[in-house]
Amino acid sequence: QMVETGDYVDIRFQDEVRYKKPVGIYWLQAAAIKAGDFVGIKQAHTTIWLYRLPSLLGAIGAVLLTYWVALAFVSRRAAIVAALMMASSVVLGVEARLAKTDAMLLLTVVGAMGAMARIYLTERRQGGSQQGWALPGIFWTAIAAGILIKGPLILMFAGLTAASVSILDRSTKWLKALRPAPGILWMLLLVLPWFVAIASRAGESFFAESVGHDMLEKVTSSQEAHGAPPGYYLLFFWLTFWPGSVLAGLAAPTVWRARHEAGARFLLCWLIPSWIVFEAVLTKLPHYVLPLYPAVAILIAGILERDRLSKWPWLLWGTSGWLIFPVVLGIGGVAALISIGGDLGIVSWPLIAAAIVTGLVAWRLYDVDGPERALLRGIVTSILMAFALYGVILPSLPELFPSARLANIIEQSGCADPVAALAGYHEPSSVFMLGTKTYLTDGSGAADFLHRGPCRFAMLEGRGEQRSFATRAEAIGLRYAPVARVEGVNISIGKSIGIAVFRSGDE
(Lines give C-alpha, C1' and ligand atoms only; values in the text may rest on other atoms or scores of the structure.)
Protein backbone atom coordinates (compact mmCIF):
# COMPACT_ATOMS: atom_id res chain seq x y z
CA GLN A 1 0.00 0.00 0.00
CA MET A 2 2.94 2.33 0.54
CA VAL A 3 3.96 1.75 -3.07
CA GLU A 4 0.39 2.17 -4.32
CA THR A 5 -0.34 5.35 -2.38
CA GLY A 6 3.12 6.90 -2.24
CA ASP A 7 2.68 7.42 1.53
CA TYR A 8 5.90 6.12 3.14
CA VAL A 9 5.18 7.44 6.64
CA ASP A 10 1.87 5.89 7.66
CA ILE A 11 1.49 2.09 7.90
CA ARG A 12 -1.92 0.72 6.95
CA PHE A 13 -3.66 -2.53 6.09
CA GLN A 14 -6.41 -1.19 3.85
CA ASP A 15 -8.16 1.43 6.01
CA GLU A 16 -6.85 0.09 9.32
CA VAL A 17 -3.65 1.34 10.89
CA ARG A 18 -0.88 -1.26 11.23
CA TYR A 19 1.29 0.00 14.08
CA LYS A 20 2.56 -3.24 15.61
CA LYS A 21 6.04 -2.69 14.15
CA PRO A 22 8.01 0.40 13.06
CA VAL A 23 8.53 1.35 9.46
CA GLY A 24 11.97 -0.12 8.67
CA ILE A 25 10.94 -3.43 7.11
CA TYR A 26 8.22 -1.75 5.04
CA TRP A 27 10.74 0.70 3.62
CA LEU A 28 13.09 -2.16 2.70
CA GLN A 29 10.31 -4.12 1.02
CA ALA A 30 9.07 -1.03 -0.81
CA ALA A 31 12.63 -0.45 -2.03
CA ALA A 32 12.69 -4.03 -3.34
CA ILE A 33 9.48 -3.34 -5.27
CA LYS A 34 10.93 -0.13 -6.73
CA ALA A 35 14.02 -2.08 -7.77
CA GLY A 36 11.75 -4.64 -9.43
CA ASP A 37 9.98 -1.88 -11.34
CA PHE A 38 13.33 -0.41 -12.36
CA VAL A 39 14.61 -3.65 -13.89
CA GLY A 40 11.33 -4.23 -15.72
CA ILE A 41 9.57 -6.89 -13.64
CA LYS A 42 5.90 -6.78 -14.60
CA GLN A 43 3.43 -6.15 -11.77
CA ALA A 44 6.30 -5.97 -9.28
CA HIS A 45 3.99 -4.82 -6.47
CA THR A 46 2.19 -8.21 -6.55
CA THR A 47 5.33 -10.33 -7.04
CA ILE A 48 5.74 -11.93 -3.63
CA TRP A 49 9.39 -12.99 -3.93
CA LEU A 50 10.45 -9.36 -4.23
CA TYR A 51 9.06 -8.71 -0.76
CA ARG A 52 11.21 -11.57 0.55
CA LEU A 53 14.47 -10.13 -0.75
CA PRO A 54 15.16 -8.06 2.42
CA SER A 55 14.81 -11.23 4.50
CA LEU A 56 17.14 -13.16 2.19
CA LEU A 57 19.71 -10.36 2.22
CA GLY A 58 19.34 -10.02 5.99
CA ALA A 59 19.98 -13.75 6.47
CA ILE A 60 23.02 -13.71 4.19
CA GLY A 61 24.36 -10.62 5.94
CA ALA A 62 23.78 -12.18 9.36
CA VAL A 63 25.79 -15.26 8.34
CA LEU A 64 28.66 -13.10 7.09
CA LEU A 65 28.56 -10.99 10.25
CA THR A 66 28.57 -14.14 12.38
CA TYR A 67 31.89 -14.97 10.72
CA TRP A 68 33.14 -11.43 11.46
CA VAL A 69 32.05 -11.61 15.09
CA ALA A 70 33.52 -15.07 15.54
CA LEU A 71 36.95 -13.84 14.40
CA ALA A 72 37.14 -11.87 17.65
CA PHE A 73 36.88 -15.13 19.59
CA VAL A 74 38.24 -17.99 17.49
CA SER A 75 40.41 -18.78 14.47
CA ARG A 76 39.29 -18.27 10.87
CA ARG A 77 38.60 -21.97 10.47
CA ALA A 78 36.35 -22.05 13.53
CA ALA A 79 34.70 -18.78 12.45
CA ILE A 80 33.73 -20.39 9.15
CA VAL A 81 32.27 -23.33 11.06
CA ALA A 82 30.20 -20.94 13.22
CA ALA A 83 28.91 -19.14 10.13
CA LEU A 84 28.03 -22.45 8.47
CA MET A 85 26.05 -23.49 11.54
CA MET A 86 24.00 -20.31 11.24
CA ALA A 87 23.59 -20.66 7.47
CA SER A 88 22.30 -24.23 7.72
CA SER A 89 20.09 -23.78 10.79
CA VAL A 90 16.44 -24.63 10.30
CA VAL A 91 15.01 -21.43 11.74
CA LEU A 92 17.18 -19.11 9.64
CA GLY A 93 16.32 -21.14 6.54
CA VAL A 94 12.65 -20.48 7.24
CA GLU A 95 13.05 -16.78 8.09
CA ALA A 96 15.14 -16.15 4.97
CA ARG A 97 12.15 -17.23 2.87
CA LEU A 98 9.45 -15.14 4.58
CA ALA A 99 8.69 -11.45 4.12
CA LYS A 100 9.04 -10.69 7.84
CA THR A 101 11.23 -8.65 10.15
CA ASP A 102 13.24 -11.34 11.89
CA ALA A 103 16.10 -11.99 9.45
CA MET A 104 16.81 -8.26 9.17
CA LEU A 105 16.56 -7.90 12.95
CA LEU A 106 19.14 -10.68 13.26
CA LEU A 107 21.45 -8.77 10.94
CA THR A 108 21.26 -5.64 13.10
CA VAL A 109 21.70 -7.56 16.36
CA VAL A 110 24.76 -9.46 15.13
CA GLY A 111 26.27 -6.20 13.87
CA ALA A 112 25.70 -4.45 17.19
CA MET A 113 26.86 -7.36 19.33
CA GLY A 114 29.93 -7.90 17.16
CA ALA A 115 31.02 -4.31 17.59
CA MET A 116 30.35 -4.48 21.33
CA ALA A 117 32.27 -7.75 21.63
CA ARG A 118 35.33 -6.37 19.87
CA ILE A 119 35.32 -3.28 22.06
CA TYR A 120 34.95 -5.36 25.23
CA LEU A 121 37.66 -7.86 24.33
CA THR A 122 40.09 -5.14 23.28
CA GLU A 123 39.52 -3.33 26.59
CA ARG A 124 40.10 -6.55 28.52
CA ARG A 125 43.18 -7.65 26.57
CA GLN A 126 44.88 -4.31 25.96
CA GLY A 127 43.81 -2.39 29.02
CA GLY A 128 41.90 0.58 27.68
CA SER A 129 43.71 1.32 24.44
CA GLN A 130 42.19 3.98 22.18
CA GLN A 131 39.49 2.31 20.08
CA GLY A 132 38.60 4.96 17.54
CA TRP A 133 35.16 5.64 16.11
CA ALA A 134 34.57 2.76 13.69
CA LEU A 135 33.28 0.15 16.13
CA PRO A 136 31.10 2.57 18.13
CA GLY A 137 29.74 3.84 14.81
CA ILE A 138 28.82 0.30 13.76
CA PHE A 139 27.25 -0.37 17.14
CA TRP A 140 24.99 2.69 17.30
CA THR A 141 24.05 2.51 13.62
CA ALA A 142 23.02 -1.12 14.07
CA ILE A 143 21.02 -0.18 17.16
CA ALA A 144 19.19 2.53 15.20
CA ALA A 145 18.47 0.14 12.33
CA GLY A 146 17.19 -2.49 14.78
CA ILE A 147 14.84 0.02 16.38
CA LEU A 148 13.43 1.00 12.99
CA ILE A 149 13.01 -2.68 12.12
CA LYS A 150 11.40 -4.01 15.30
CA GLY A 151 11.30 -1.35 17.95
CA PRO A 152 13.28 -1.44 21.21
CA LEU A 153 13.90 -5.22 21.20
CA ILE A 154 17.51 -4.78 20.08
CA LEU A 155 18.09 -2.59 23.15
CA MET A 156 17.21 -5.58 25.33
CA PHE A 157 19.88 -7.77 23.70
CA ALA A 158 22.57 -5.10 23.94
CA GLY A 159 21.49 -3.76 27.34
CA LEU A 160 21.27 -7.11 29.11
CA THR A 161 24.62 -8.18 27.68
CA ALA A 162 26.38 -4.97 28.72
CA ALA A 163 24.80 -5.02 32.18
CA SER A 164 25.58 -8.70 32.79
CA VAL A 165 29.21 -8.37 31.67
CA SER A 166 29.70 -5.25 33.79
CA ILE A 167 28.23 -6.93 36.86
CA LEU A 168 30.40 -10.02 36.47
CA ASP A 169 33.52 -7.93 35.81
CA ARG A 170 32.57 -5.45 38.54
CA SER A 171 33.50 -2.67 36.18
CA THR A 172 31.77 -0.41 33.68
CA LYS A 173 34.89 1.32 32.39
CA TRP A 174 34.82 -0.60 29.10
CA LEU A 175 31.46 0.97 28.25
CA LYS A 176 33.18 4.35 27.74
CA ALA A 177 34.75 2.95 24.55
CA LEU A 178 31.23 2.67 23.09
CA ARG A 179 31.15 6.51 23.02
CA PRO A 180 27.67 6.59 24.59
CA ALA A 181 27.05 10.35 24.45
CA PRO A 182 27.75 10.95 20.73
CA GLY A 183 26.50 7.45 19.94
CA ILE A 184 23.07 8.04 21.45
CA LEU A 185 22.82 11.36 19.63
CA TRP A 186 23.67 9.63 16.33
CA MET A 187 21.10 6.91 17.02
CA LEU A 188 18.41 9.50 17.76
CA LEU A 189 19.32 11.41 14.62
CA LEU A 190 18.62 8.25 12.61
CA VAL A 191 15.39 7.11 14.28
CA LEU A 192 13.63 10.27 15.44
CA PRO A 193 12.60 11.74 12.06
CA TRP A 194 10.18 8.90 11.31
CA PHE A 195 8.93 8.65 14.90
CA VAL A 196 8.22 12.38 14.89
CA ALA A 197 6.50 12.09 11.51
CA ILE A 198 4.26 9.19 12.58
CA ALA A 199 3.48 10.87 15.91
CA SER A 200 2.39 14.02 14.09
CA ARG A 201 0.25 11.88 11.78
CA ALA A 202 -1.21 9.38 14.23
CA GLY A 203 -0.74 11.02 17.61
CA GLU A 204 -0.41 8.57 20.48
CA SER A 205 -2.07 5.69 18.61
CA PHE A 206 1.22 4.39 17.17
CA PHE A 207 2.87 4.05 20.56
CA ALA A 208 -0.32 2.67 22.12
CA GLU A 209 -0.57 0.02 19.40
CA SER A 210 3.11 -0.95 19.14
CA VAL A 211 4.13 -0.75 22.80
CA GLY A 212 0.82 -1.21 24.62
CA HIS A 213 -1.03 -3.67 22.43
CA ASP A 214 1.82 -5.56 20.80
CA MET A 215 4.81 -5.62 23.12
CA LEU A 216 3.15 -5.57 26.53
CA GLU A 217 0.47 -8.07 25.54
CA LYS A 218 3.21 -10.52 24.57
CA VAL A 219 4.61 -10.20 28.09
CA THR A 220 1.32 -10.37 30.03
CA SER A 221 -0.73 -12.76 27.87
CA SER A 222 -0.34 -15.42 25.19
CA GLN A 223 -0.90 -13.19 22.18
CA GLU A 224 -2.68 -14.78 19.22
CA ALA A 225 -2.81 -18.18 20.98
CA HIS A 226 0.99 -18.50 20.94
CA GLY A 227 1.40 -19.12 24.66
CA ALA A 228 3.71 -21.78 26.09
CA PRO A 229 5.34 -22.57 29.45
CA PRO A 230 8.99 -21.92 30.34
CA GLY A 231 11.32 -24.41 28.71
CA TYR A 232 9.66 -24.01 25.32
CA TYR A 233 12.74 -22.50 23.67
CA LEU A 234 15.11 -25.03 25.22
CA LEU A 235 12.94 -27.83 23.84
CA PHE A 236 12.63 -26.32 20.35
CA PHE A 237 16.30 -25.33 20.20
CA TRP A 238 17.29 -28.87 19.20
CA LEU A 239 15.04 -28.54 16.14
CA THR A 240 15.43 -24.88 15.19
CA PHE A 241 19.25 -24.80 15.42
CA TRP A 242 19.72 -28.22 13.81
CA PRO A 243 22.22 -29.45 12.57
CA GLY A 244 24.48 -27.36 14.82
CA SER A 245 22.35 -28.16 17.86
CA VAL A 246 23.57 -31.78 17.74
CA LEU A 247 26.93 -30.62 19.15
CA ALA A 248 25.46 -28.20 21.70
CA GLY A 249 25.08 -30.79 24.44
CA LEU A 250 28.61 -32.07 23.84
CA ALA A 251 30.01 -28.53 24.08
CA ALA A 252 28.01 -27.46 27.15
CA PRO A 253 30.27 -28.95 29.89
CA THR A 254 33.41 -27.28 28.50
CA VAL A 255 31.58 -24.00 27.91
CA TRP A 256 30.57 -23.97 31.56
CA ARG A 257 34.13 -24.64 32.71
CA ALA A 258 35.37 -21.79 30.50
CA ARG A 259 32.75 -19.30 31.73
CA HIS A 260 35.33 -17.12 33.49
CA GLU A 261 37.30 -16.49 30.29
CA ALA A 262 36.58 -13.10 28.74
CA GLY A 263 35.32 -14.47 25.42
CA ALA A 264 33.07 -17.15 26.90
CA ARG A 265 31.78 -14.68 29.49
CA PHE A 266 30.68 -12.20 26.84
CA LEU A 267 28.99 -14.86 24.71
CA LEU A 268 27.18 -16.33 27.71
CA CYS A 269 26.04 -12.86 28.74
CA TRP A 270 24.72 -12.37 25.20
CA LEU A 271 22.90 -15.69 25.41
CA ILE A 272 21.61 -16.43 28.92
CA PRO A 273 19.91 -13.24 30.22
CA SER A 274 17.85 -12.65 27.08
CA TRP A 275 17.02 -16.37 26.87
CA ILE A 276 15.63 -16.24 30.42
CA VAL A 277 13.50 -13.23 29.48
CA PHE A 278 12.06 -15.02 26.46
CA GLU A 279 11.30 -18.12 28.53
CA ALA A 280 9.48 -15.93 31.08
CA VAL A 281 7.38 -14.03 28.52
CA LEU A 282 4.03 -15.72 27.92
CA THR A 283 3.90 -15.29 24.13
CA LYS A 284 6.37 -17.66 22.48
CA LEU A 285 7.31 -18.42 18.88
CA PRO A 286 10.38 -20.43 17.82
CA HIS A 287 12.07 -17.56 15.96
CA TYR A 288 12.07 -15.12 18.87
CA VAL A 289 15.44 -16.42 20.16
CA LEU A 290 17.07 -16.37 16.71
CA PRO A 291 19.28 -13.33 17.61
CA LEU A 292 20.87 -15.46 20.35
CA TYR A 293 21.94 -18.31 18.09
CA PRO A 294 25.16 -16.66 16.78
CA ALA A 295 26.47 -16.74 20.35
CA VAL A 296 25.66 -20.46 20.53
CA ALA A 297 27.36 -21.10 17.18
CA ILE A 298 30.54 -19.30 18.24
CA LEU A 299 30.65 -21.11 21.59
CA ILE A 300 30.31 -24.49 19.87
CA ALA A 301 32.92 -23.56 17.25
CA GLY A 302 35.34 -22.50 20.00
CA ILE A 303 35.01 -25.80 21.85
CA LEU A 304 35.27 -27.67 18.55
CA GLU A 305 38.49 -25.81 17.79
CA ARG A 306 39.96 -26.84 21.13
CA ASP A 307 38.87 -30.45 20.58
CA ARG A 308 37.21 -30.33 23.99
CA LEU A 309 33.77 -31.74 23.19
CA SER A 310 32.44 -34.08 25.85
CA LYS A 311 32.99 -37.79 25.37
CA TRP A 312 30.31 -38.88 27.82
CA PRO A 313 28.54 -41.88 26.20
CA TRP A 314 25.03 -40.65 27.08
CA LEU A 315 25.75 -37.31 25.39
CA LEU A 316 27.33 -38.96 22.34
CA TRP A 317 23.99 -40.58 21.59
CA GLY A 318 22.81 -37.07 20.71
CA THR A 319 24.83 -37.25 17.49
CA SER A 320 22.13 -39.58 16.18
CA GLY A 321 20.16 -36.34 15.66
CA TRP A 322 21.91 -35.96 12.30
CA LEU A 323 20.05 -39.10 11.21
CA ILE A 324 16.80 -38.77 13.16
CA PHE A 325 15.92 -35.31 11.81
CA PRO A 326 15.97 -36.14 8.07
CA VAL A 327 14.16 -39.42 8.72
CA VAL A 328 11.34 -37.76 10.67
CA LEU A 329 11.08 -34.67 8.46
CA GLY A 330 11.34 -36.69 5.25
CA ILE A 331 8.63 -39.15 6.26
CA GLY A 332 6.49 -36.30 7.58
CA GLY A 333 6.87 -34.29 4.37
CA VAL A 334 5.90 -37.20 2.14
CA ALA A 335 3.00 -38.05 4.46
CA ALA A 336 1.77 -34.45 4.19
CA LEU A 337 1.96 -34.67 0.40
CA ILE A 338 -0.09 -37.85 0.41
CA SER A 339 -2.68 -36.82 3.00
CA ILE A 340 -3.18 -33.19 1.93
CA GLY A 341 -2.32 -33.15 -1.74
CA GLY A 342 -2.83 -36.78 -2.75
CA ASP A 343 0.66 -36.79 -4.31
CA LEU A 344 3.42 -39.32 -3.63
CA GLY A 345 6.10 -36.65 -4.15
CA ILE A 346 8.44 -39.11 -5.84
CA VAL A 347 10.74 -36.29 -7.00
CA SER A 348 11.62 -35.57 -3.37
CA TRP A 349 12.51 -39.18 -2.54
CA PRO A 350 16.10 -39.15 -3.93
CA LEU A 351 16.85 -35.93 -2.03
CA ILE A 352 15.42 -37.30 1.21
CA ALA A 353 17.27 -40.59 0.72
CA ALA A 354 20.56 -38.76 0.13
CA ALA A 355 19.95 -36.65 3.25
CA ILE A 356 19.30 -39.76 5.32
CA VAL A 357 22.50 -41.38 4.03
CA THR A 358 24.66 -38.32 4.81
CA GLY A 359 23.00 -38.04 8.22
CA LEU A 360 23.75 -41.70 8.90
CA VAL A 361 27.39 -41.27 7.84
CA ALA A 362 27.72 -38.16 10.04
CA TRP A 363 26.50 -40.14 13.03
CA ARG A 364 28.27 -43.43 12.49
CA LEU A 365 31.66 -41.96 11.54
CA TYR A 366 31.68 -39.35 14.30
CA ASP A 367 34.32 -41.20 16.31
CA VAL A 368 36.32 -42.13 13.20
CA ASP A 369 36.60 -38.80 11.32
CA GLY A 370 36.02 -36.40 14.20
CA PRO A 371 33.28 -33.91 15.10
CA GLU A 372 34.19 -31.22 12.54
CA ARG A 373 33.75 -33.53 9.55
CA ALA A 374 30.63 -34.99 11.12
CA LEU A 375 29.18 -31.49 11.49
CA LEU A 376 29.98 -30.67 7.87
CA ARG A 377 28.16 -33.83 6.80
CA GLY A 378 25.25 -32.72 8.96
CA ILE A 379 25.28 -29.39 7.13
CA VAL A 380 25.15 -31.21 3.79
CA THR A 381 22.17 -33.14 5.17
CA SER A 382 20.49 -29.81 5.96
CA ILE A 383 21.11 -28.55 2.41
CA LEU A 384 19.61 -31.68 0.88
CA MET A 385 16.55 -31.46 3.13
CA ALA A 386 16.14 -27.80 2.17
CA PHE A 387 16.05 -28.77 -1.52
CA ALA A 388 13.46 -31.45 -0.77
CA LEU A 389 11.27 -29.27 1.45
CA TYR A 390 11.44 -25.85 -0.21
CA GLY A 391 12.03 -27.03 -3.77
CA VAL A 392 9.65 -29.98 -4.04
CA ILE A 393 7.31 -30.64 -1.12
CA LEU A 394 5.94 -27.18 -0.30
CA PRO A 395 5.42 -26.12 -3.96
CA SER A 396 3.50 -29.39 -4.44
CA LEU A 397 0.96 -28.41 -1.76
CA PRO A 398 -1.25 -25.66 -3.24
CA GLU A 399 -3.68 -26.37 -0.40
CA LEU A 400 -1.31 -24.43 1.86
CA PHE A 401 -1.84 -21.30 -0.25
CA PRO A 402 -5.61 -20.74 -0.50
CA SER A 403 -5.20 -17.03 -1.24
CA ALA A 404 -3.27 -17.80 -4.42
CA ARG A 405 -5.99 -20.19 -5.52
CA LEU A 406 -8.68 -17.55 -4.88
CA ALA A 407 -6.70 -15.04 -6.94
CA ASN A 408 -6.45 -17.55 -9.78
CA ILE A 409 -10.26 -17.89 -9.81
CA ILE A 410 -10.58 -14.11 -10.18
CA GLU A 411 -7.97 -13.97 -12.94
CA GLN A 412 -9.82 -16.61 -14.95
CA SER A 413 -13.20 -14.94 -14.55
CA GLY A 414 -12.88 -12.81 -17.68
CA CYS A 415 -13.84 -9.63 -15.78
CA ALA A 416 -12.09 -6.41 -16.68
CA ASP A 417 -12.19 -4.99 -13.15
CA PRO A 418 -13.26 -7.72 -10.68
CA VAL A 419 -13.57 -7.06 -6.95
CA ALA A 420 -14.11 -9.52 -4.12
CA ALA A 421 -15.57 -9.61 -0.63
CA LEU A 422 -14.13 -11.95 1.99
CA ALA A 423 -16.10 -13.31 4.91
CA GLY A 424 -14.52 -15.49 7.58
CA TYR A 425 -11.13 -15.59 5.86
CA HIS A 426 -9.42 -12.26 6.42
CA GLU A 427 -5.77 -13.23 5.97
CA PRO A 428 -3.58 -10.34 4.72
CA SER A 429 -2.29 -12.67 1.99
CA SER A 430 -5.75 -12.66 0.43
CA VAL A 431 -5.79 -8.86 0.25
CA PHE A 432 -2.29 -8.94 -1.22
CA MET A 433 -3.33 -11.41 -3.92
CA LEU A 434 -6.78 -9.97 -4.64
CA GLY A 435 -5.91 -6.27 -4.34
CA THR A 436 -6.46 -3.54 -1.76
CA LYS A 437 -10.01 -2.98 -3.03
CA THR A 438 -10.95 -6.30 -1.45
CA TYR A 439 -13.84 -5.86 0.99
CA LEU A 440 -13.51 -7.59 4.37
CA THR A 441 -16.92 -8.28 5.87
CA ASP A 442 -19.25 -11.03 7.10
CA GLY A 443 -21.66 -13.28 5.21
CA SER A 444 -24.51 -10.78 5.27
CA GLY A 445 -22.25 -7.96 4.15
CA ALA A 446 -20.93 -10.12 1.31
CA ALA A 447 -24.50 -10.53 -0.02
CA ASP A 448 -25.01 -6.75 0.04
CA PHE A 449 -21.65 -6.37 -1.70
CA LEU A 450 -22.70 -8.65 -4.59
CA HIS A 451 -25.99 -6.77 -4.92
CA ARG A 452 -24.20 -3.55 -5.85
CA GLY A 453 -23.07 -4.49 -9.34
CA PRO A 454 -21.52 -6.91 -11.84
CA CYS A 455 -18.18 -8.73 -11.69
CA ARG A 456 -18.31 -9.05 -7.93
CA PHE A 457 -17.28 -12.16 -6.01
CA ALA A 458 -18.12 -13.33 -2.50
CA MET A 459 -15.68 -15.71 -0.82
CA LEU A 460 -17.14 -17.27 2.30
CA GLU A 461 -15.23 -19.42 4.78
CA GLY A 462 -17.24 -21.44 7.29
CA ARG A 463 -20.80 -22.67 7.41
CA GLY A 464 -21.93 -19.81 9.60
CA GLU A 465 -20.86 -17.18 7.07
CA GLN A 466 -22.41 -19.16 4.23
CA ARG A 467 -25.76 -19.44 6.05
CA SER A 468 -25.70 -15.73 6.82
CA PHE A 469 -24.97 -15.00 3.17
CA ALA A 470 -27.83 -17.21 1.93
CA THR A 471 -30.30 -15.68 4.37
CA ARG A 472 -29.42 -12.12 3.39
CA ALA A 473 -29.34 -12.98 -0.33
CA GLU A 474 -32.88 -14.34 -0.11
CA ALA A 475 -34.07 -11.29 1.80
CA ILE A 476 -32.79 -8.82 -0.81
CA GLY A 477 -33.60 -10.95 -3.85
CA LEU A 478 -29.96 -11.37 -4.85
CA ARG A 479 -29.18 -13.34 -7.97
CA TYR A 480 -25.83 -15.14 -7.72
CA ALA A 481 -24.09 -18.20 -9.07
CA PRO A 482 -21.65 -20.63 -7.42
CA VAL A 483 -18.19 -20.49 -9.01
CA ALA A 484 -15.92 -22.82 -7.04
CA ARG A 485 -15.04 -24.20 -3.65
CA VAL A 486 -11.48 -23.96 -2.36
CA GLU A 487 -10.36 -26.51 0.22
CA GLY A 488 -7.09 -25.78 1.96
CA VAL A 489 -5.20 -25.11 5.15
CA ASN A 490 -4.83 -21.78 6.91
CA ILE A 491 -1.21 -22.17 8.03
CA SER A 492 -1.36 -19.13 10.34
CA ILE A 493 -3.79 -21.00 12.63
CA GLY A 494 -3.08 -24.55 11.47
CA LYS A 495 -6.67 -25.43 10.56
CA SER A 496 -8.39 -26.83 7.50
CA ILE A 497 -10.72 -24.41 5.77
CA GLY A 498 -13.31 -24.51 3.00
CA ILE A 499 -14.09 -21.35 1.03
CA ALA A 500 -17.18 -21.14 -1.17
CA VAL A 501 -16.92 -18.65 -4.04
CA PHE A 502 -20.02 -16.99 -5.52
CA ARG A 503 -20.39 -14.47 -8.31
CA SER A 504 -23.03 -11.80 -8.75
CA GLY A 505 -25.68 -12.78 -11.29
CA ASP A 506 -24.48 -10.51 -14.10
CA GLU A 507 -24.05 -13.09 -16.88
Side-chain angles (χ1 to χ4, degrees), residues 1-7 10-20 43 45-46 48 201-202 205 208-209 213 224-225 398-507:
Q1 287 187 223
M2 283 183 171
V3 174
E4 286 184 358
T5 64
D7 185 350
D10 208 359
I11 307 168
R12 290 183 175 270
F13 174 58
Q14 291 189 307
D15 293 330
E16 297 180 6
V17 296
R18 188 80 166 185
Y19 292 155
K20 291 185 177 182
Q43 297 182 330
H45 70 287
T46 56
I48 185 61
R201 180 78 64 87
S205 60
E209 180 74 16
H213 294 170
E224 299 175 356
E399 291 80 7
L400 299 181
F401 311 101
S403 295
R405 298 169 69 191
L406 293 174
N408 189 52
I409 292 171
I410 296 293
E411 291 174 4
Q412 296 178 357
S413 67
C415 290
D417 188 22
V419 286
L422 289 169
Y425 181 72
H426 291 175
E427 288 298 314
S429 60
S430 60
V431 176
F432 175 82
M433 299 297 297
L434 298 170
T436 51
K437 293 181 181 180
T438 301
Y439 182 51
L440 303 182
T441 182
D442 55 17
S444 178
D448 291 331
F449 175 82
L450 287 196
H451 199 51
R452 294 173 193 154
C455 267
R456 289 172 176 256
F457 295 82
M459 301 175 174
L460 315 168
E461 196 279 314
R463 294 180 179 179
E465 299 294 354
Q466 293 169 25
R467 284 195 299 265
S468 175
F469 172 83
T471 301
R472 180 59 179 168
E474 183 179 359
I476 62 177
L478 173 67
R479 294 178 57 204
Y480 63 93
V483 176
R485 181 174 178 83
V486 173
E487 301 287 346
V489 177
N490 186 342
I491 57 175
S492 65
I493 59 175
K495 292 183 179 180
S496 298
I497 59 173
I499 304 174
V501 182
F502 301 100
R503 179 173 176 171
S504 55
D506 54 334
E507 294 183 313

In Å, rounded to the nearest 0.5 Å, how long is the span from [atom1] of [X] to [atom2] of [Y]?
X: Q43; Y: H45; atom1: CD; atom2: NE2; value: 6.5 Å
X: L422; Y: D442; atom1: CG; atom2: CG; value: 12.0 Å
X: R456; Y: D417; atom1: CZ; atom2: CG; value: 9.5 Å
X: D15; Y: T436; atom1: CG; atom2: OG1; value: 9.5 Å
X: T438; Y: H426; atom1: OG1; atom2: NE2; value: 10.5 Å
X: M459; Y: L440; atom1: CE; atom2: CG; value: 12.0 Å

Going through the checks in order, is the side-chain contact (heavy atoms from CB on, under 4.5 Å) test met by S403 and Y425? CA-CA 9 Å; S403 295; Y425 181 72; 2.9 Å; yes
Locate the shortest heavy-atom distance separating [X] from [Y]; write the atom from each residue and the value.
X: R503; Y: L450; answer: C-CD1, 4.2 Å
X: D10; Y: R201; answer: CB-NH1, 3.5 Å
X: Q466; Y: R485; answer: NE2-NH1, 3.6 Å

Ignoring hydrogens and angles, tell me if any N or O in the side chain of S444 forms a donor-acceptor pair with the backbone of S468 under 3.5 Å.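 Checked: no pair found.
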If we ignore hydrogens and angles and just use 3.5 Å, is the side chain of E487 paired with the main-chain N or O of E399 as donor and acceptor?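 Judged by distance alone, no pair lies under 3.5 Å.
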Between F502 and Y480, what is the ring plane arrangement, given parallel below 30°, perpendicular above 60°, and tilted in between?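 Because their plane-to-plane angle is over 60°, the rings of F502 and Y480 count as perpendicular.
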Partners of F432 by ring-ring contact (aromatic ring centres under 6.0 Å, His included), sequence neighbours excluded?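 Y51.
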Is NZ or CZ of R452 both nearer than 6.0 Å to the six-membered ring centre of Y439 and within 45° of the ring axis?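 Judged by the rule, R452 and Y439 form a cation-pi pair.
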Chi angles and distances behind the side-chain contact (heavy atoms from CB on, under 4.5 Å) call for M433, T46: CA-CA 7 Å; M433 299 297 297; T46 56; over 6 Å; no
